[in-house]
Visitor: 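One structure coming up, written as structure tokens, with questions to follow.
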Amino acid sequence: MAGHGADEHPHGADRLCEAGDRVYSRAVRRGRVPRRDAEPVPCLLELALLHPDPDDMDWLVPTSPQEVMTRLLRGMHDEVSASQRRVGSAVAAVEWYAGLGRQVRPAASGAEGPAIRVLDGLARIQAAMDEATQACTTEVLTVQPGGIRREAELSEGLHRALALRGRGVRMRDLYTHVARHGQGLLTYLELMGDAVEARTLDEVIDRLILFDRTVAFIPANSERTMALELRHPAIVEYLVTVFERLWRLAIPLTAPLPDTGIEGISHREQSIAALLAEGHQDAVIAERLGISVRTCRAHIARLSETLGAASRTQLGVRIAQAGLDGPQHATSSVSVPGRESRTAR
């Protein structure tokens, strides 16, 4: 196996090399392959896609594609959760140091402006956003939390978006899945045409707007009457990295949401089940998914009915039994207590 180390196979299970794909596909079709067939592709053993046959060590048997997919999605879920926690820590640190900075008069310098600026009041926020829009020449990245976007919110920034489109600036927007149901957003995207690309996730981080990867805007209080304008290269680069990772995991707005694999349970109810399993209260789940508490409780009631649960405690047990307490995928077979197993399409 010399000469075929990890340096020649710098990939994960989600993007196998051509040789690895051939050998693994053959193993899945036939149930096993001779150990010598895998010698040129040690990545299959390193990634635990193949493992020795306990009945005959000269042969290797494949890990099921369903198990591989579950492992990949679990890793991506953990990565996004870690990124969200780090963003929260970064925002808290920025607010703390910004508060300390108010006590010190900034020294005069020839710099373009402070690396972190607190914008107090909607008028100052709008003025700073207009200034950044006028200076932007290449790209705008945004994260828009919450549920269905109100038309008033979309109209508020429409003049900036049209100005950017007129200069050929590309825009990428991240929303929650709930936003797909808002006619205002669909009208806005139709108006903007190819200048805007939108994707959605079950939940996203708090609002973020990045211009040309040089200046970022984030909320500075829960009422969003204050904002931070960030120009520190390290902070902006970090926020860009968070956005790109979320973007990679998000689903294009033009693509349908994946099937849950369980009859009677929608994608949104699957997300609610996972958050219930983590111990979150109804109000927290509703906020994270961008829906009202009333809508959230209606989905929980349907979950209980579908899974045959008579109480919240029993619902938690049923969620775990159905495999809804973590990331799901569209190729797994899931059994619902009291129902026949069904394989996702």
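Hydrogens, waters and symmetry mates play no part in the numbers below; they use all other heavy atoms, side chains included. Since we're looking at a predicted model, the values are computed, not measured.
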Visitor: For residues I285 and H299, determine if any side-chain heavy atom of one lies less than 4.5 Å from a side-chain heavy atom of the other.
Guide: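 No, side chains not in contact.
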Visitor: Looking at V41 and A19, what are the two nearest heavy atoms and their distance?
Guide: CG1-CB, 3.4 Å
Visitor: Evaluate side-chain contact (heavy atoms from CB on, under 4.5 Å) for W247 paired with E197, printing each intermediate quantity in order.
Guide: CA-CA 11 Å; W247 183 261; E197 183 179 359; 3.5 Å; yes
Visitor: Counting C-beta onward and ignoring hydrogens, is there a side-chain heavy-atom pair between V215 and E229 closer than 4.5 Å?
Guide: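 In contact.
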Visitor: Is there side-chain contact between R312 and I300, with heavy atoms separated by less than 4.5 Å?
Guide: yes
Visitor: Do the non-hydrogen side-chain atoms of T142 and M171 ever get within less than 4.5 Å of each other?
Guide: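 Counting from C-beta outward, T142 and M171 never come under 4.5 Å.
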Visitor: Which heavy atom of V61 sits nearest to which heavy atom of G31, and what is that distance?
Guide: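 Looking at all heavy atoms of both residues, the closest pair is CG1-O, 3.7 Å.
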Visitor: Could you tell me which residues satisfy side chain to side chain contact (heavy atoms under 4.5 Å, CB included) with P52, sequence neighbours excluded, listed by chain and number?
Guide: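 Expected list: R35, M57, L60.
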Visitor: Where do A128 and L119 come nearest, in terms of heavy atoms and distance?
Guide: CB-CD1, 3.6 Å
Visitor: Is it possible for you to say whether V293 and V178 belong to one hydrophobic cluster, with membership spreading through side-chain heavy-atom contacts below 4.5 Å?
Guide: no
Visitor: Let me see the working for R248 and E244 under salt bridge (Lys or Arg N to Asp or Glu O under 4.0 Å), right down to the final yes or no.
Guide: CA-CA 6 Å; R248 178 169 58 85; E244 293 292 357; over 6 Å; no
Visitor: Report yes if some heavy atom in the side chain of D130 is under 4.5 Å from a heavy atom in the side chain of R160; otherwise report no.
Guide: yes
Visitor: Rounded to the nearest 0.5 Å, what separation is found between the OG atom of S304 and the CG atom of L276?
Guide: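 Atom-to-atom, S304:OG and L276:CG are 8.5 Å apart.
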Visitor: Any salt bridge linking E139 with R172? Criterion: basic side-chain nitrogen under 4.0 Å from a carboxylate oxygen.
Guide: yes
Visitor: Supply the atom-to-atom distance I218 CD1 to L210 CG, rounded to the nearest 0.5 angstrom.
Guide: 10.0 Å
Visitor: So how far is it from E223 CD to L122 CG, rounded to the nearest 0.5 Å?
Guide: 11.0 Å
Visitor: Taking all non-hydrogen atoms of both residues into account, name the closest pair between L49 and Y24 and its distance.
Guide: O-CE1, 3.5 Å
Visitor: How close do D37 and V23 get, counting heavy atoms only, and between which atoms?
Guide: O-CG2, 3.7 Å
Visitor: Got a donor-acceptor contact below 3.5 angstrom from the R231 side chain to the R117 backbone?
Guide: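 Not confirmed, R231 side chain does not pair with R117 backbone.
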Visitor: Is the backbone of S25 close enough, under 3.5 Å, to the side chain of D21 for a donor and an acceptor to pair up by distance?
Guide: no
Visitor: Do M129 and F211 touch side chain to side chain, with heavy atoms closer than 4.5 Å?
Guide: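 Yes. Closest side-chain heavy atoms under 4.5 Å.
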Visitor: In this structure, would Y188 and L186 fall into the same cluster of hydrophobic residues linked by side-chain contacts under 4.5 Å?
Guide: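 Linked within one cluster.
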Visitor: Can you tell me how far apart CG (L45) and CD (E39) are? Round to the nearest 0.5 Å.
Guide: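 Between L45 CG and E39 CD, I get 10.0 Å after rounding to 0.5 Å.
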Visitor: Distance from Q134 atom CD to L164 atom CG, nearest 0.5 Å?
Guide: 10.0 Å
Visitor: Just wondering, are more than 12 heavy atoms of other shown residues or ligands nearer than 6.0 Å to CD in Q281?
Guide: no
Visitor: In terms of hydrophobic clustering (I, L, V, M, F, W, Y; side-chain heavy atoms under 4.5 Å; direct or indirect links), are V240 and I205 co-clustered?
Guide: yes
Visitor: Are V140 and L162 linked, directly or through other ILVMFWY residues, by side chains that come within less than 4.5 angstrom of each other?
Guide: yes
Visitor: Tell me the salt bridge (charged side-chain N to carboxylate O under 4.0 Å, His left out) pairs involving residues 289-298, sequence neighbours left out?
Guide: D282-R297
Visitor: Which heavy atom in I251 sits nearest to a heavy atom in P256, and how many Å separate them?
Guide: CG2-O, 4.0 Å
Visitor: I'd like to check D202 versus L275 (side-chain heavy atoms, cut-off strictly below 4.5 Å). Are they in contact?
Guide: no
Visitor: To the nearest 0.5 Å, how far apart are SG in C17 and CZ in R22?
Guide: 8.5 Å
Visitor: State, with a plain yes or no, whether a side-chain heavy atom of R170 is found less than 4.5 Å away from one of D194.
Guide: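 Yes - at least one pair of side-chain heavy atoms lies under 4.5 Å apart.
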Visitor: Mind checking whether L257 and L246 sit in one hydrophobic cluster, side chains of I, L, V, M, F, W, Y counted as touching below 4.5 Å?
Guide: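 The answer is no; the residues belong to distinct hydrophobic clusters.
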Visitor: Could you tell me whether the side chain of D206 and the main chain of P145 form a donor-acceptor pair under 3.5 Å?
Guide: no
